[in-house]
Protein chains: 2
Amino acid sequence: MTRLHAGNPDPVRAILDGMAAWAGAPADEAQCPVRDVLDRVGQKWTLLILVALEPAPRRFSQLQRQLRDISKRMLTQSLRQLERDGLVSRQVFPTKPPSVEYALTDLGRSALPAIGALLVWADDNHEAIRASRAAFDAEEVA
Amino acid sequence: MTRLHAGNPDPVRAILDGMAAWAGAPADEAQCPVRDVLDRVGQKWTLLILVALEPAPRRFSQLQRQLRDISKRMLTQSLRQLERDGLVSRQVFPTKPPSVEYALTDLGRSALPAIGALLVWADDNHEAIRASRAAFDAEEVA
DNA sequence: CAGAATCCCGAAAGATACTG
DNA sequence: CAGTATCTTTCGGGATTCTG
């Protein structure tokens with residue numbers, strides 16, 4: 001068990017080693033923790049939902065309004081996955097009409113710093129990225 | 001310009017505000033820095049490539065071997081995007097046969113801490129996640 | 001060695017309509 | 001309100017083949 005700790009001096013290197021270890025098993029790569037989480041991260045809505053739940057628990061409609069252009073279908077699906085992964089809790093109130101409240105679990109909350117760091121980086125550097133793209137595209141034409 | 005700084009006491013909140021600001025423009029959501037970077041992150045190979053380039057610059061074939069099951073096509077495509085975004089530099093050596101070396105730019109390197117944090121979290125918690133999934137699936141059957 | 005060019009499939013995700 | 005059920009489209013990405 002190669003466990004990585006936050007205090008690890010070179011986590012990135014350890015990650016590479018960990019990936020190398022998984023490289024042996026052909027089909028078991030789906031079980032690799034890195035790939036596993038990366039798939040979730042790629043889900044387009046999951047991270048936004050987690051972030052949206054940070055300030056306080058939300059109800060279904062509240063989330064849909066907050067995320068603007070997400071369909072009910074995708075919201076339901078994403079929430080189900082997050083619930084299955086244990087990052088989000090779902091509590092049904094048998095009112096009339098029924099209301100459902102979603103909240104971050106401790107596990108889900110523990111992911112926010114890392115996610116936040118990524119989003120902060122995105123915000124800090126997207127201008128540089130856009131500039132780089134413009135320059136790159138300009139050369140392509142020439 | 002709501003700029004987020006690493007020292008911000010509550011970056012997540014600021015991100016939400018930032019997203020809300022973008023929510024106004026209907027089609028310009030693609031320009032939202034958060035969405036923009038999230039798309040890249042979801043690319044399945046981009047993060048792995050960045051991590052793989054951390055220790056030292058690599059050549060095309062080296063990368064392909066290191067990432068095991070990536071095809072030439074996807075490796076080329078991913079590297080091009082990263083180059084376009086200014087995260088990776090590409091240098092061609094006119095040897096015979098030609099060799100190409102890829103390296104992280106300063107911008108690319110600046111993204112590694114955030115990525116590392118995410119991957120460390122993944123490794124630390126994937127066991128809890130897998131347990132949660134098992135429990136969830138067990139209930140579904142019942 | 002380091003790609004470019006095609007072909008093709010399955011998964012992700014959007015639109016729409018119906019329900020308890 | 002909080003979903004579920006379909007249908008359809010899009011697109012990421014794998015396999016294969018060809019080149020300088």
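By convention in this document, chain letters (A, B, ...) are assigned in the order of the sequence lines, proteins followed by strands, and residues within each chain are numbered from 1. Predicted, not measured: the structure shown is a model, and the values here were computed from it.
Here D/dG13 is the nucleotide among D/dG13, C/dA13, D/dA2 with the atom lying nearest to any side-chain atom of B/Lys44. Nearest nucleotide to the side chain of A/Arg80, out of C/dA13, D/dG20, D/dG3: D/dG3. Closest to the side chain of A/Phe60, from the set D/dG3, D/dG14, C/dG3, is D/dG3. Nearest nucleotide to the side chain of B/Lys72, out of C/dG20, D/dG3, C/dG3: C/dG3. In this structure, of C/dC1, C/dA13, D/dG3, it is D/dG3 that holds the atom nearest to the side chain of A/Tyr102. When distances are taken from the side chain of B/Ser71 to each of C/dG3, D/dG14, C/dA13, the shortest belongs to D/dG14. Closest to the side chain of A/Val100, from the set D/dG14, D/dA2, C/dA13, is D/dA2.
Closest approach of A/Arg35 to B/Leu67, counting heavy atoms only: NH2-O, 4.1 Å.
When each of B/Pro97 and A/Gln77 is assigned the nucleotide of DNA chain C bearing its nearest heavy atom, the one mapping closer to the 5' terminus is B/Pro97.
Taking 4.5 Å as the limit, some side-chain heavy atom of B/Phe60 sits within range of a side-chain heavy atom of B/Leu75.
We find the CG-CG distance between B/Leu87 and B/Leu53 to be 10.5 Å, quoted to the nearest 0.5 Å. Interatomic distance, B/Ile70 CD1 to B/Gln77 CD, rounded to the nearest 0.5 Å: 9.5 Å.
No hydrogens or angles were tested; on distance alone, a donor-acceptor pair under 3.5 Å links the side chain of A/Arg73 to the base of D/dT6.
When rounded to the nearest whole Å, the span between CZ of A/Arg59 and P of D/dG3 equals 11 Å. Distance CZ (B/Phe93) to P (C/dC1): 17 Å, rounded to an integer number of Å. Put simply, CG on B/Asp39 is 12 Å from P on D/dG13, counting in whole angstrom units. Look at CD1 on A/Ile70: it is 14 Å from C1' on C/dA15, rounded to the nearest Å. One atom, CZ of A/Arg65, and another, C1' of D/dC1, lie 10 Å apart when rounded to the nearest Å.
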